[in-house]
There are 2 protein chains.
Amino acid sequence: MLDNNLLPRVPPDCCLGIDPGLCRTGYALLQRGPHGPILREGGVIRSNSKLTLAERVLELAEGLREVMREYQPQVMAIEQVFSTVQFPKTAILMAHARGVILLTAAEHKVSVVDYSPRQIKRMLTGSGKASKEQVQHAVKNELGLEKILEPNDVADAFAVALCHYHTARSLPMRECG
Amino acid sequence: MLDNNLLPRVPPDCCLGIDPGLCRTGYALLQRGPHGPILREGGVIRSNSKLTLAERVLELAEGLREVMREYQPQVMAIEQVFSTVQFPKTAILMAHARGVILLTAAEHKVSVVDYSPRQIKRMLTGSGKASKEQVQHAVKNELGLEKILEPNDVADAFAVALCHYHTARSLPMRECG
């Protein structure tokens with residue numbers, strides 16, 4: 001755990017939001033602009049379900065490394081680790097992917113900050129119990145888009161990136177993973 | 001999933017057994033000898049619990065890469081993924097480590113084979129319900145050691161490596177992760 005006081009309290013120039021998953025990992029690059037956050041790039045890294053688990057996490061790592069090399073984010077924002085334990089099997093496969101995602105962050109010296117689903121919802125909508133649709137609308141409005149972002153993985157990745165963008169301006173940050 | 005028929009059915013020259021964990025990952029290198037399996041090397045890769053999760057999985061990956069570079073195993077044998085879901089939080093942290101372990105295997109083009117705890121116990125002792133002590137005794141006897149192997153992580157890593165050694169001689173193998 002790093003000392004909170006060492007972390008910057010201004011929004012990062014480039015934040016990489018991640019919605020982790022073995023089949024699909026959503027990513028979102030958010031840039032600090034003169035009037036607020038700017039969407040730079042978003043996408044999904046897919047893994048081929050016909051491959052072995054080892055080959056799939058390799059696909060994920062290679063995709064993510066490409067994104068990091070191209071955009072060189074300073075911070076990775078990701079959902080907290082224990083939010084999906086009601087589905088143990090899904091959570092365990094997701095955690096394989098999440099371990100690899102954190103590894104690629106550490107390899108590229110990108111700090112990792114995590115948020116609970118409740119924190120993300122509250123920061124974006126004002127309510128920790130907001131629906132998925134309310135969060136998606138908030139993401140659309142914040143980024144000045146005409147339509148809801150699709151697919152969901154990308155919208156969720158932007159939600160956690162936006163949560164970090166605003167948290168970094170207002171509160172002491174917690175570095176974790 | 002690879003085609004089973006493509007996999008060798010003779011014991012591998014060098015098999016790397018793994019007992020995965022975030023705090024401690026046990027590893028065991030088993031070599032094919034003229035009269036049976038030979039213990040080449042065993043140890044534990046530790047991660048510093050004061051570091052962030054991202055930094056800890058990086059420590060694990062670096063330790064494992066060193067082992068792979070030095071011993072160049074052909075196969076990694078590891079316990080199956082869903083064996084510890086009765087402790088979801090522990091299992092999820094272990095799965096972060098396991099994802100990184102599988103990634104390093106794929107990066108080094110090392111095949112991964114997994115076994116259930118029951119398969120390992122049955123192969124080593126004749127009973128799928130054997131106790132931990134019975135398995136440890138079997139490992140000691142098989143490797144011609146004078147004492148039970150310590151620590152447990154290393155003994156468990158040799159158990160899965162031995163399970164693979166014998167399975168590769170007798171049965172069609174299943175490549176997974």
Side-chain angles (χ1 to χ4, degrees), chain A residues 1-4 7 18 20-22 25 47-62 64-65 75-76 78 80-114 174-177, chain B residues 1-4 7 18 20-22 25 47-62 64-65 75-76 78 80-114 174-177:
Chain A
M1 205 70 78
L2 292 184
D3 185 340
N4 285 337
L7 291 168
I18 292 283
L22 179 63
T25 285
S47 77
N48 182 343
S49 61
K50 289 183 182 161
L51 298 180
T52 65
L53 187 47
E55 290 164 333
R56 294 178 77 180
V57 291
L58 179 60
E59 281 191 328
L60 170 57
E62 285 174 346
L64 204 52
R65 284 170 184 155
V75 179
M76 175 188 285
I78 190 166
Q80 266 171 20
V81 61
F82 297 120
S83 35
T84 50
V85 283
Q86 61 269 42
F87 306 112
K89 289 203 174 188
T90 310
I92 284 176
L93 285 179
M94 185 275 282
H96 278 66
R98 199 173 183 277
V100 166
I101 290 164
L102 296 183
L103 174 70
T104 62
E107 283 173 344
H108 289 78
K109 301 191 191 314
V110 174
S111 313
V112 179
V113 197
D114 65 359
R174 195 168 66 82
E175 167 108 353
C176 182
Chain B
M1 207 68 78
L2 292 184
D3 185 338
N4 286 338
L7 292 168
I18 293 283
L22 180 63
T25 285
S47 76
N48 182 343
S49 61
K50 290 182 180 158
L51 299 179
T52 64
L53 187 48
E55 290 164 332
R56 294 178 77 180
V57 292
L58 179 59
E59 280 191 327
L60 170 58
E62 285 174 347
L64 204 53
R65 284 170 183 154
V75 179
M76 175 188 285
I78 190 165
Q80 266 172 19
V81 61
F82 297 121
S83 35
T84 50
V85 283
Q86 60 269 42
F87 306 112
K89 287 203 177 189
T90 310
I92 283 175
L93 285 179
M94 184 276 283
H96 278 67
R98 197 173 184 280
V100 166
I101 291 164
L102 296 183
L103 175 69
T104 61
E107 283 174 342
H108 289 78
K109 302 192 190 312
V110 173
S111 314
V112 179
V113 197
D114 65 0
R174 193 168 65 82
E175 168 110 354
C176 181

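Convention: sequence-line order gives letters A, B, ...; per-chain numbering from 1.
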Point to revise | Atom of A:A54, atom of B:A106 and distance for their closest heavy-atom approach | key: O-CB, 3.4 Å
**Study point:** Heavy-atom closest pair, residues B:G99 and A:V57
**Key:** O-CG2, 3.8 Å
Review point. With B:E59, which residues qualify under side-chain hydrogen bond (donor to acceptor under 3.5 Å, both in side chains), at least two apart?
Key: none
Review point. What pair of heavy atoms forms the shortest contact from B:L58 to A:L103, and how long is it?
Key: CA-CD1, 3.4 Å
Review point. Roughly how far, to the nearest 0.5 Å, is CZ of B:R98 from CD1 of A:I92?
Key: 9.5 Å
Review point. Do you know which of A:I101, A:V100, A:T104 has the most heavy-atom pairs with chain B at a distance under 4.5 angstrom?
Key: A:V100
Revision key, fill the gap. NE2 (B:H96) and CE (A:M94) are apart, to the nearest 0.5 Å, by 6.5 Å
